[in-house]
Amino acid sequence: SVYDSVVRDAFAQLNAFSVDNGANRAATAGVIDQTANTVSLTLPAGTDITALTPTLSLEPGASYTPTGAQNFTKPVTYTITGANGSTRAYTVTVNQLPRVKVACVGDSLTAQEVYPKQLEEFLGDGYEVGHFGVNSTTAQKDGLKENGDNPASGAYINHPQYQQSLDFKPDIVLLTLGSNDSKQGVGSQSGHKLVTNWKADSPQNYERDLKALVKSYQDLDTHPTIILATSPSGYATPGNWAARPEIVNAEITPIQRKVAADMGCFLVDFNKMTQGKESTYIGGDGLHPNTAGYQLLAHEVYKCVQGVQ
């Protein structure tokens, strides 16, 4: 009878199915459809689903096969055998969340890849970090970069990494451009003619061009969240490529904060963190962070990314 069939099936019923996601992560419970005899569950990005050992909750006296680690790249069928000898097969399907794509965009602070690589380690397998930094680049469209006796365009948007960062289709963009915009150079360094990027009309040009750059990312189909980091404080040295820390601190970083507020960006105020602590966080060239500075930036960006998610 139907009643007898239901009773027999009850002995072989799967009551719960879950997968452990490792230390500091809650287990993922499967959704069981008792009518269709199916189980579905979605695991975090980066989970190795080729050798998962799930936990099954059964009726007293019941058992199941297969046991041990299983490859869930394809559906796996579990057969439950009840204490009365009845059997019931459940098909388990495992899906994975996509990785969150993070684009690191900026000048040599990003191009040196110290902080992007540290950030990648902090974030773990659930994230894909794209490295799109270019040395000596500016937010200003008319910015210049050193190139022997003939300075070249320093505008970030005129370098291939810009288009690559757009094509990456990021979910989050980390943007740091400003130190090279502050340059006011005379003479040469290491065989390169120094450049001047900060002029009388630069404050309005910098704001306009930084906003345009932010908008170009916001207009992507992925509508990424933008995290704008202010440029670090520094100190004048003969080897800092004519960057002007006083311009960074007094003129550029206030604009960066304004752009973040106006454009709805998250802000990591690296300048505020390093002002007055240059000897602790800035390297010998007076321009780039030292090891402690890069660690600080990576940690603060990591906290911001976690807040976004």
Side-chain angles (χ1 to χ4, degrees), residues 104-116 131-162 165 175-213 228-257 259 270-271 273-291 293-294 297:
C104 294
V105 172
D107 50 30
S108 56
L109 189 149
T110 303
Q112 291 190 8
E113 297 196 349
V114 179
Y115 108 79
H131 302 189
F132 303 105
V134 187
N135 288 333
S136 302
T137 48
T138 65
Q140 292 180 89
K141 292 179 181 178
D142 65 351
L144 298 173
K145 66 185 297 186
E146 300 79 13
N147 183 47
D149 292 332
N150 300 295
S153 173
Y156 182 80
I157 61 171
N158 289 338
H159 292 75
Q161 288 86 344
Y162 169 59
S165 70
L175 179 58
T176 306
L177 283 168
S179 294
N180 296 303
D181 290 270
S182 77
K183 290 178 177 178
Q184 291 181 330
V186 176
S188 64
Q189 180 178 329
S190 302
H192 297 276
K193 182 180 179 180
L194 294 173
V195 300
T196 291
N197 288 326
W198 199 257
K199 297 164 288 209
D201 59 351
S202 290
Q204 57 264 38
N205 292 347
Y206 179 79
E207 180 176 346
R208 177 199 64 205
D209 294 343
L210 184 58
K211 283 183 173 180
L213 181 60
L228 192 60
T230 57
S231 300
S233 181
Y235 53 91
T237 70
N240 75 345
W241 297 94
R244 294 289 182 258
E246 68 277 11
I247 292 175
V248 170
N249 293 344
E251 298 187 63
I252 288 177
T253 53
I255 297 172
Q256 291 171 329
R257 295 177 187 120
V259 169
F270 195 42
N271 183 271
M273 298 172 198
T274 52
Q275 269 205 54
K277 299 179 181 178
E278 290 83 0
S279 61
T280 301
Y281 293 123
I282 304 301
D285 65 359
L287 181 62
H288 297 94
N290 58 19
T291 299
Y294 278 121
L297 177 60

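It should be emphasised that the depicted structure is a prediction, and the values quoted were computed from it without experimental measurement. Along the sequence shown, residues are numbered consecutively beginning with 1.
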Could you pull out the closest heavy-atom pair between [X] and [Y], with the gap in Å?
{"X": "Ser179", "Y": "Leu287", "answer": "CB-CD1, 4.0 Å"}
{"X": "Pro254", "Y": "Ala250", "answer": "CG-O, 3.4 Å"}
{"X": "Gly178", "Y": "Ser231", "answer": "CA-OG, 3.4 Å"}
{"X": "Pro289", "Y": "Tyr294", "answer": "O-CE1, 3.2 Å"}
{"X": "Val195", "Y": "Glu146", "answer": "CG2-OE2, 3.7 Å"}
{"X": "Gly185", "Y": "Ala242", "answer": "CA-CB, 3.4 Å"}

Going by heavy atoms in the side chains, are [X] and [Y] under 4.5 Å from each other?
{"X": "Asp209", "Y": "Ile157", "result": "no"}
{"X": "Thr137", "Y": "Tyr162", "result": "no"}
{"X": "Thr110", "Y": "Val105", "result": "no"}
{"X": "Ser279", "Y": "Tyr235", "result": "no"}
{"X": "Thr176", "Y": "Phe270", "result": "no"}
{"X": "Pro232", "Y": "Leu109", "result": "yes"}
{"X": "Lys199", "Y": "Asp142", "result": "yes"}
{"X": "Tyr156", "Y": "Val134", "result": "yes"}

Between [X] and [Y]: side-chain donor-acceptor atoms closer than 3.5 Å:
{"X": "Tyr206", "Y": "Glu251", "answer": "no"}
{"X": "Ser233", "Y": "Asn249", "answer": "yes"}
{"X": "Ser153", "Y": "Asn158", "answer": "yes"}
{"X": "Gln140", "Y": "Asn205", "answer": "no"}

Point to revise | Residues, nucleotides or ligands: over 12 heavy atoms within 6.0 Å of Lys141 NZ | key: no
Review point. Does Asp149 CG have over 12 foreign heavy atoms under 6.0 Å away?
Key: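 Counting neighbours around CG of Asp149, 12 or fewer heavy atoms of other residues, nucleotides or ligands fall under 6.0 Å, so no.
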Atom pair [atom1] ([X]) and [atom2] ([Y]), whose distance is rounded to the nearest 0.5 Å:
{"X": "Tyr281", "Y": "Thr291", "atom1": "OH", "atom2": "OG1", "answer": "13.0 Å"}
{"X": "Asn150", "Y": "Leu144", "atom1": "CG", "atom2": "CG", "answer": "11.0 Å"}
{"X": "Asn240", "Y": "Ser182", "atom1": "CG", "atom2": "OG", "answer": "8.0 Å"}
{"X": "Asn197", "Y": "Ser136", "atom1": "CG", "atom2": "OG", "answer": "9.5 Å"}
{"X": "Lys193", "Y": "Asn147", "atom1": "NZ", "atom2": "CG", "answer": "11.5 Å"}
{"X": "Asn135", "Y": "Gln112", "atom1": "CG", "atom2": "CD", "answer": "7.0 Å"}

Point to revise | Test side chain to side chain contact (heavy atoms under 4.5 Å, CB included) applied to Lys145 and Asn180, step by step | key: CA-CA 8 Å; Lys145 66 185 297 186; Asn180 296 303; over 6 Å; no
Exercise for review: Output yes when a side-chain donor or acceptor of His192 lies under 3.5 Å from a complementary backbone atom of Ser188, and no otherwise.
Suggested key: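 Side chain of His192 to backbone of Ser188, a donor-acceptor pair under 3.5 Å: no, none is there.
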**Study point:** Arg257 vs Asn271, side chain to side chain contact (heavy atoms under 4.5 Å, CB included): CA-CA, chis, key distance, verdict
**Key:** CA-CA 10 Å; Arg257 295 177 187 120; Asn271 183 271; 3.7 Å; yes
Check your understanding: Is there a side chain to side chain contact (heavy atoms under 4.5 Å, CB included) between Thr138 and Leu177 once you walk through the steps?
Key -> CA-CA 6 Å; Thr138 65; Leu177 283 168; 5.9 Å; no
Review point. Taking it one step at a time, do Leu228 and Leu210 satisfy side chain to side chain contact (heavy atoms under 4.5 Å, CB included)?
Key: CA-CA 10 Å; Leu228 192 60; Leu210 184 58; 4.3 Å; yes
